[in-house]
*Asks:* 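I'd like to ask some things about the structure below.
No hydrogens, no waters, no symmetry mates; every other heavy atom, side chains included, goes into these values.
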Amino acid sequence: MRGAKTMQWSALAAAVALAATACGGGSGGGGGSAAGKPAGYVSIDVTEPQKPLIPGNTNETQGAYVINSLFTGLVEYDAAGKLRNANAESITTDDSKTWTVKLKKGWKFHNGEDVTAQSYVDAWNWFANIKNNQQNSFWFEDVKGYDDVHPAKGDPKSDKMSGLKVEDDHTFKIELTHPVSYFKYKLGYYTFTPLPKGFFKDPKKYGQEPVGNGPYTFEKWTHKKLIQVKAWKGYKGDNKAKNKGIQFKNYSSYEAAYQDVLSNTLDISPQVAPKDLPKRKSDFGDRAIDQPFAATQSIAPAFYSKTFKDVDPKVLQGLSMAIDRKTITKTVLNETRVPATGFMPPLVKGYQKVDTDIFKYDPKKAKELIKEGGGVPGNKVWIQYNADGGHKEWVSAVCQSIRKATGVECVGDSKPDFQTELDARDADQVKSFYRSGWTADYPLNVNFLKELYASNAQTNYGKFSDKEIDGLFKKGDNAKDLDATIKIYQEAERKLAQKMPAIPLWDYAANVVHSDSVGNVKVNFRGDVILSDVTAK
């Protein structure tokens with residue numbers, strides 16, 4: 001039986017690969033030539049960001065690549081995820097509630113303006129203000145006075161959070177509503193970066209032509225084609241650019257980018273599509289990099305949809321047990337992923353193997369759970385995904401596994417690109433499931449739980465809401481120290497296995513390929529290419 005099953009899945013993988021080969025050719029949308037790249041610059045496949053380039057309104061990987069090149073915050077994480085100071089000279093606290101930040105002197109924005117304590121406080125107040133409609137505003141909810149600038153209803157009472165106090169040009173205090181043992185870790189997320197004074201005069205224009213304080217300065221943005229940044233000589237951080245600039249080129253698919261890297265018309269593709277995984281080593285040799293990183297792929301139910309409104313978690317547990325993760329990762333994904341054993345990958349503090357069978361393939365048990373839970377309305381589910389991200393093959397495989405194990409009809413719901421797919425989530429237009437890949441913003445279990453499954457989390461697109469889970473998150477946030485916080489969040493994760501806000505599939509590995517025109521290509525704990533380290537030959 002095992003051999004027969006493997007043969008069927010291998011045939012499926014081959015069939016999907018052939019289909020992808022037949023329709024996946026052609027050039028990438030605007031990225032097909034080395035022409036126009038200045039000498040010493042490095043080109044990478046990064047598709048069009050969903051939003052304008054404002055740190056408080058960017059929470060997807062494509063925009064983050066650009067934001068992180070343009071901005072540097074108080075702290076950062078090294079390649080292994082270890083926290084270190086960046087623009088901060090020190091960040092201290094006696095009680096995890098009141099934090100004192102001292103900035104390094106001499107830092108400037110790309111326009112020559114000094115980076116001061118006021119640059120941070122003004123930016124954070126603007127990001128948090130409900131009138132400015134920033135997707136990442138909730139990151140400031142722990143700061144005292146957040147409710148005044150971001151009330152649950154109505155207009156803000158103030159445009160300043162009372163918990164932010166400037167003491168001098170290079171010192172400010174942050175008072176939280178309660179102790180948060182991991183607050184310094186959060187400060188490494190790019191939403192906590194500063195902004196120059198000019199931003200507040202014309203935020204709309206700024207989002208198209210950002211002025212930051214990072215290792216690169218903005219040059220141009222040709223929408224749907226290219227974003228170009230230039231190495232900044234005035235940068236004071238440790239991660240100075242070892243190249244002259246970066247071109248973020250927009251491709252319609254990873255397949256197209258792969259071909260251009262192979263022909264040396266693109267320098268780096270940060271991911272390889274399933275159809276190209278089997279040949280990446282023969283094509284690129286040691287220029288094909290495989291490295292696990294802190295990310296997990298899931299499919300998340302939209303709890304407002306007809307399919308999953310008021311669903312019994314047993315139905316979702318059953319669908320989870322209908323997915324043969326081991327075989328899909330071995331065949332379709334060419335052993336470049338590891339079947340999930342929980343809601344997060346091993347590379348974050350607080351990882352645990354959740355003691356449950358719901359991640360194991362068991363068709364018999366899957367049917368039983370779905371039946372006990374009252375079945376799937378209409379006996380059909382959809383999985384929404386973006387067609388430009390190399391997801392079609394595994395979505396097809398997951399659907400076939402569900403159909404075969406349970407008889408529930410499953411189909412992919414393809415959106416042309418990541419931006420369109422995210423827009424559908426924002427507009428509550430998901431039919432059943434959506435692809436919910438999550439990469440660590442900071443390397444703690446908190447980030448894989450609270451930011452996705454808290455009732456008020458901005459990235460909780462499926463509208464999961466549970467008072468018990470929210471209570472555990474609050475308890476964890478108020479814990480006396482980091483170890484206690486981690487343990488309470490581990491308890492919350494075990495509870496989530498009973499409530500099923502998502503179905504984790506597998507943990508990621510970065511599969512990067514690069515041309516022989518560049519060197520020193522490395523990947524950090526988030527799976528991102530460390531662009532400032534790349535050298536142009």
*Asks:* Please find the pair of heavy atoms, one from Gly390 and one from Ala273, that lie closest to each other, and give the distance.
*Replies:*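 Of all heavy-atom pairs spanning Gly390 and Ala273, the closest is CA-CB, 4.4 Å.
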*Asks:* When you measure from the side chain of Gln62 to the backbone of Glu48, do you find a donor-acceptor pair of N or O atoms at a distance under 3.5 Å?
*Replies:*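 No.
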*Asks:* Take a 6.0 Å sphere around NZ of Lys281 and say whether it holds more than 12 heavy atoms from other residues, nucleotides or ligands.
*Replies:*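 Yes.
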*Asks:* Going by atom types alone, do Asp507 and Thr296 pair a side-chain donor with an acceptor below 3.5 Å?
*Replies:*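 Note: Asp507 and Thr296 side chains meet the donor-acceptor criterion.
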*Asks:* Look at Lys450 together with Glu141 and state whether they make a salt bridge at an N to O cut-off of under 4.0 Å.
*Replies:*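 Yes, Lys450 and Glu141 are salt-bridged.
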*Asks:* Any chance the side chains of Asp283 and Tyr258 put a donor and an acceptor closer than 3.5 Å?
*Replies:*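 Yes, because at least one side-chain N or O of Asp283 sits under 3.5 Å from a partner of the opposite role on Tyr258.
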*Asks:* Please report the interatomic distance NE2(His110) to NZ(Lys230), rounded to the nearest 0.5 Å.
*Replies:*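 So the gap between those two atoms works out to 12.0 Å.
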*Asks:* Please report the interatomic distance CG(Leu226) to CH2(Trp221), rounded to the nearest 0.5 Å.
*Replies:*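 Those atoms lie 11.5 Å apart.
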*Asks:* Minimum heavy-atom separation for Ser515 to Asn264, with atom names?
*Replies:*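 Closest heavy-atom pair between Ser515 and Asn264: CB-OD1, 2.8 Å.
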*Asks:* For Tyr216 and Asn243, test the side chains for any donor-to-acceptor distance below 3.5 angstrom and give the result as yes or no.
*Replies:*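 Yes.
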*Asks:* So Tyr442 and Tyr182, would you call those rings parallel, tilted or perpendicular, with 30° and 60° as cut-offs?
*Replies:*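 Correct class here is parallel.
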*Asks:* Which distance, rounded to the nearest 0.5 Å, do you find between the CD of Glu255 and the OG of Ser269?
*Replies:*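 With rounding to 0.5 Å, CD (Glu255) is 9.5 Å from OG (Ser269).
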*Asks:* Parallel, tilted or perpendicular: which one describes the rings of Tyr453 and Phe343, with boundaries at 30° and 60°?
*Replies:*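 Rings of Tyr453 and Phe343: perpendicular, over 60°.
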*Asks:* Do you see a donor-acceptor pair shorter than 3.5 Å between the side chains of Gln384 and Glu421?
*Replies:*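 Distance-only check passes for Gln384 and Glu421.
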*Asks:* Counting only heavy atoms not in Lys197, do more than 12 sit closer than 6.0 Å to its NZ atom?
*Replies:*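 12 or below, so no.
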*Asks:* If you count the non-hydrogen atoms of other residues, nucleotides and ligands that lie under 6.0 Å from NZ in Lys51, is the total more than 12?
*Replies:*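 Yes, NZ of Lys51 has more than 12 neighbouring heavy atoms, counting only those of other groups under 6.0 Å.
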*Asks:* If I take atom CD1 from residue Ile268 and atom CG from residue Leu266, how far apart are they, to the nearest 0.5 angstrom?
*Replies:*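 So the gap between those two atoms works out to 8.0 Å.
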*Asks:* Do we see a donor-acceptor contact under 3.5 Å between the side chains of Tyr65 and Thr58?
*Replies:*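 No donor-acceptor contact under 3.5 Å links the two side chains.
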*Asks:* May I ask you to say whether Lys37 pairs ionically with Asp267, meaning some side-chain N is under 4.0 Å from a carboxylate O?
*Replies:*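 Here Lys37 pairs with Asp267 in a salt bridge, since their nearest N and O are under 4.0 Å apart.
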*Asks:* How many angstroms lie between atom CD1 of Ile486 and atom CG of Leu482, to the nearest 0.5 angstrom?
*Replies:*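 It comes to 4.0 Å.
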*Asks:* I need the minimum non-hydrogen distance between Val166 and Ala117, along with the two atoms involved.
*Replies:*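 Minimum heavy-atom contact is CG1-CB, 4.1 Å.
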*Asks:* Taking all non-hydrogen atoms of both residues, which atom of Lys108 and which atom of Val115 are closest, and how far apart?
*Replies:*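 Shortest heavy-atom contact: C-CG2, 3.6 Å.
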*Asks:* Do Gln228 and Gln247 have side-chain N/O donor and acceptor atoms under 3.5 Å apart?
*Replies:*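 There is such a pair between these side chains.
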*Asks:* I need the minimum non-hydrogen distance between Asn59 and Tyr190, along with the two atoms involved.
*Replies:*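 Heavy-atom minimum between the residues: CA-OH, 3.5 Å.
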*Asks:* Search all heavy atoms of Asp388 against all heavy atoms of Thr47 and return the closest pair with its distance.
*Replies:*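 Looking at all heavy atoms of both residues, the closest pair is OD2-CG2, 3.9 Å.
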*Asks:* So, applying salt bridge (charged side-chain N to carboxylate O under 4.0 Å, His left out) with Glu76, which one of Arg526, Arg84, Lys184 is it?
*Replies:*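 Single pass found, and it is Arg84.
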*Asks:* According to the interplanar angle, ranging from 0 to 90°, do the rings of Trp124 and Phe192 count as parallel (below 30°), tilted (30 to 60°) or perpendicular (above 60°)?
*Replies:*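 Rings of Trp124 and Phe192: perpendicular, over 60°.
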*Asks:* Under 30°, 30 to 60°, or over 60°: which ring-plane class applies to Trp126 and Phe200, parallel, tilted or perpendicular?
*Replies:*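 If you compare the ring of Trp126 with that of Phe200, the planes turn out perpendicular.
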*Asks:* Out of Phe140, Trp99, Tyr189, which residue meets the ring pair (Phe, Tyr, Trp, His ring centres under 6.0 Å) rule with Phe183?
*Replies:*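 Single pass found, and it is Trp99.
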*Asks:* Under 3.5 Å, side chain of Asn125 to main-chain N/O of Val121, donor-acceptor pair present?
*Replies:*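 Confirmed, Asn125 side chain pairs with Val121 backbone.
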*Asks:* Tell me, do Val395 and Arg435 make a side-chain contact under 4.5 Å, heavy atoms counted?
*Replies:*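 Result no, sub-4.5 Å side-chain heavy-atom pair not found.
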*Asks:* Can you tell me how far apart CG (Leu422) and CD (Gln50) are? Round to the nearest 0.5 Å.
*Replies:*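 One gets 4.5 Å once the value is rounded to the nearest 0.5 Å.
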*Asks:* For Arg287, give me all partners under side-chain contact (heavy atoms from CB on, under 4.5 Å), at least two apart in sequence or on another chain.
*Replies:*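 Applying side-chain contact (heavy atoms from CB on, under 4.5 Å) to Arg287 gives Phe284, His514, Asp516.
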*Asks:* Using the test side chain to side chain donor-acceptor pair (under 3.5 Å), find all partners of Asp202 that sit at least two apart in sequence or belong to another chain.
*Replies:*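 None.
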*Asks:* Mark yes when over 12 heavy atoms from residues, nucleotides or ligands other than Lys160 sit less than 6.0 Å from its NZ; otherwise mark no.
*Replies:*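 Counting other residues, nucleotides and ligands, NZ of Lys160 stays at 12 neighbours or fewer.
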*Asks:* Check the pair Trp382 / Tyr434 against ring-ring contact (aromatic ring centres under 6.0 Å, His included), numbers first and verdict last.
*Replies:* CA-CA 8 Å; Trp382 290 261; Tyr434 61 91; over 10 Å; no
*Asks:* Can you tell whether the side chains of Lys249 and Asp45 come within less than 4.0 Å, N to carboxylate O?
*Replies:*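 So Lys249 does not pair with Asp45 through a salt bridge.
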*Asks:* Could you check whether Lys415 pairs with Asp423 (Lys NZ or Arg NE/NH1/NH2 to Asp/Glu carboxylate O, under 4.0 Å)?
*Replies:*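 Result for this pair is no, no salt bridge flagged.
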